[in-house]
Amino acid sequence: GLDNGFVEPQVREHVRATQATDQQAASNLLEWLRMLVEHGELVEPLLPFLWRGVALRQQDYAAAVRMLCESAVLIELRRGGREGRWVMPTRLSAAPPPELAGQWPAQPPEGV
């Protein structure tokens with residue numbers, strides 16, 4: 001699981017550094033991190049925190065995510081929302097998101 005004692009100070013520092021005015025910003029980041037660690041689900045608002053230590057500009061995030069999808073590191077999930085959502089197959093829990101069923105069958109096709 002997520003080690004809040006380790007992660008929470010980093011999240012709070014990131015929120016301070018980015019001057020987020022949303023009172024829920026730290027709580028949201030912690031919840032999104034928990035979803036990534038425990039279920040393999042990644043949401044777009046988490047990207048700036050995850051990539052805070054790399055020389056990647058925010059306008060380049062889409063290209064980086066596309067590369068990760070093309071490499072099967074991430075699989076894009078489709079939901080009605082506007083922000084991006086992906087799943088990381090290597091971090092999938094025993095109960096993957098239902099949207100994944102059509103993109104990643106539970107059983108491989110016969111002959112594979």
Side-chain angles (χ1 to χ4, degrees):
L2 186 63
D3 181 358
N4 277 355
F6 176 75
V7 173
E8 191 167 348
Q10 294 179 51
V11 165
R12 297 214 181 277
E13 176 58 32
H14 176 75
V15 169
R16 274 193 298 277
T18 57
Q19 301 174 2
T21 57
D22 181 4
Q23 296 293 336
Q24 283 291 111
S27 295
N28 289 342
L29 280 174
L30 286 169
E31 177 59 19
W32 296 329
L33 282 166
R34 187 189 66 74
M35 291 299 297
L36 177 61
V37 169
E38 295 178 7
H39 303 286
E41 291 186 57
L42 174 62
V43 293
E44 190 170 356
L46 187 55
L47 295 178
F49 177 77
L50 294 176
W51 289 339
R52 69 193 182 284
V54 297
L56 186 63
R57 298 173 306 177
Q58 195 159 359
Q59 62 260 34
D60 296 327
Y61 286 5
V65 166
R66 189 170 46 254
M67 176 194 66
L68 293 170
C69 289
E70 289 172 359
S71 303
V73 172
L74 296 176
I75 297 173
E76 187 172 13
L77 296 177
R78 300 271 184 215
R79 279 201 181 160
R82 292 181 55 191
E83 55 188 42
R85 291 189 67 245
W86 305 271
V87 70
M88 185 177 287
T90 57
R91 297 208 62 93
L92 276 178
S93 65
E99 315 80 310
L100 191 59
Q103 298 176 32
W104 193 279
Q107 298 294 320
E110 201 166 310
V112 173

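Since we're looking at a predicted model, the values are computed, not measured.
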Report summary line: Taking every heavy atom of Gly84 against every heavy atom of Glu44, the minimum-distance pair comes out as N-OE1, 2.6 Å

Query raised in the report: Under 4.5 Å between any side-chain heavy atoms of Leu46 and Asn28, yes or no?
Result: no

Query raised in the report: So do Trp86 and Leu77 actually touch side chain to side chain, heavy atoms under 4.5 Å?
Result: no

Report task. Would you check if Val7 and Leu33 make a side-chain contact, meaning some heavy-atom pair closer than 4.5 Å? Result -> yes

Query - Heavy-atom closest pair, residues Leu56 and Ala64 - result: CD2-CB, 3.9 Å

Query raised in the report: Taking a hydrophobic cluster as the set of Ile, Leu, Val, Met, Phe, Trp and Tyr residues connected by side-chain heavy atoms closer than 4.5 Å, whether directly or through intermediates, do Met35 and Leu30 fall within one such cluster?
Result: no

Query raised in the report: Between Glu41 and Arg85, does at least one N-O distance fall below 4.0 Å, as a salt bridge requires?
Result: yes

Query - Distance (rounded to the nearest 0.5 Å) between Trp32 CH2 and Leu50 CG - result: 11.0 Å

Report summary line: Minimal heavy-atom distance between Leu29 and His14, with the atoms involved, is CD1-CD2, 3.8 Å

Query raised in the report: Rounded to the nearest 0.5 Å, how far does CD of Glu13 lie from CZ of Arg52?
Result: 9.5 Å

Query - Test item: Gln10 and Phe49 side chains (from C-beta on) under 4.5 Å apart, heavy atoms - result: yes

Query raised in the report: Looking only at atom types and distance, does a side-chain atom of Ser71 sit under 3.5 Å from a main-chain N or O of Leu68, one as donor and one as acceptor?
Result: no

Report summary line: Interatomic distance, CZ@Arg66 vs SG@Cys69, rounded to 0.5 Å, equals 9.5 Å

Requested in this report: Over all heavy atoms of both residues, which pair between Arg91 and Val37 is shortest? Give the atoms and the distance, please.
Outcome: NH2-O, 3.1 Å

Query raised in the report: Is the side chain of Arg34 donor-acceptor paired with the backbone N or O of Glu31 at a distance under 3.5 Å, no angle test?
Result: no

Query raised in the report: Between Tyr61 and Pro48, what is the shortest heavy-atom contact and its length?
Result: OH-CA, 3.5 Å

Query raised in the report: Which atom names give the shortest non-hydrogen contact between Glu83 and Val43, and what distance separates them?
Result: OE2-CB, 4.5 Å

Query raised in the report: From Met88 CE over to Leu42 CG, what is the distance, rounded to the nearest 0.5 angstrom?
Result: 6.5 Å

